[in-house]
Amino acid sequence: MHLTDNLAAVKRKIAAAALAAGREPSAVRLVAVSKTKPAALVAEAAAAGQRLFGENYVQELTAKAAEVKMPVEWHFIGHLQSNKVKQIAGLVTMIHSVDRLSLAEEIDRQWGRIGRSCDILVQVNVAAEATKSGTTTQDALQLVRQIAALPHLRVRGLMTMPPFFDDPEAARPYFRELRLLAEEIAALAIPGAAMQELSMGMSGDFEAAIAEGATLVRVGSAIFGTR
Ligand SMILES: *Cc1c(COP(=O)(O)O)cnc(C)c1O
């Protein structure tokens, strides 16, 4: 299958999963994860109507963004080192992977320098896996409170990467836990911290994530092929 067919198939599945969950298909946005794939494939997806792309590596993102001439929007979704934040200030419209205050403070500083605000998600390691980034479920609320107080950041919601399972249904409890955590935090009505976005679901499990309330699904290999 070609990229445009893959993209269309993923969009169809997103819409079907949303409808099956009693949700509007437009309530779920597709982040096409283009990491390790060339700018030409991003341009091809953009020509087919995809405008939102996710990248994991700063170097790769800045190089690719310079090459892609179409008006696309970039989200940063990978582990982010504070000393590299400067390079993506103003280039991305959302950072999904904020998991510590020191990183949030650096994003605040760099977006402040350019006189703008950055939308961020707090990454939660729901399963507390040693190999994954993210704050714990227990610490998430305090981190949201601290980040919400920073002037150039807007907390938009939460992000998670559940453990890998062959059966996507097995990931559902982790997606559900993220949604419940977001609802708990939303109920506190913390100024500067909205909880309308849930970034969860990848190629193997985005339909399960949508069933549990995902508003942003990060899909790479199902669109661009295996890495
Ligand atoms: C690579 C990656 C994805 C996409 O994974 P696929 O299985 O290729 O869809 C999503 N989210 C994050 C954080 C990633 O690093």
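The structure displayed is predicted, hence computed values, not measured ones. Just so you know, ligand 1 is whichever comes first in the structure, and atom 1 is the first atom listed for that ligand.
Using a 4.0 Å cut-off between a side-chain N of Lys or Arg and a carboxylate O of Asp or Glu, Glu212 and Arg176 qualify as a salt bridge.
The two residues Ser34 and Val42 come nearest to each other via the heavy atoms CB-CG2, 3.6 Å.
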Please tabulate, one line per pair, the protein N or O atoms found under 3.5 Å from any N or O atom of ligand 1, giving the distance to one decimal.
residue	atom	partner	partner atom	Å
ligand 1	8 (O)	Ser221	N	2.8
ligand 1	8 (O)	Ser221	OG	3.0
ligand 1	8 (O)	Arg227	NH1	2.7
ligand 1	8 (O)	Arg227	NH2	3.1
ligand 1	9 (O)	Ser203	N	2.9
ligand 1	9 (O)	Ser203	OG	2.5
ligand 1	9 (O)	Gly220	N	2.8
ligand 1	11 (N)	Arg218	NE	2.8
ligand 1	15 (O)	Lys35	NZ	2.7
ligand 1	15 (O)	Asn56	ND2	2.7

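Going from atom OG of Ser117 over to atom CD1 of Ile107 covers 12.0 Å, rounded to the nearest 0.5 Å.
Remark: Phe53 engages Trp74 in a ring pair (Phe, Tyr, Trp, His ring centres under 6.0 Å) (not counting sequence neighbours). For Lys64, the side-chain hydrogen bond (donor to acceptor under 3.5 Å, both in side chains) partners two or more places apart in sequence, or in a different chain, are Glu55, Glu60.
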Check residues 183-202 and write down every donor-acceptor pair under 3.5 Å in which the side-chain atom is one partner and the other belongs to a residue at least two apart or another chain.
residue	atom	partner	partner atom	Å
Glu197	OE1	Thr215	OG1	2.5
Glu197	OE2	Arg29	NH2	3.3
Ser199	OG	His96	ND1	2.8
Ser199	OG	Arg218	NH1	2.9

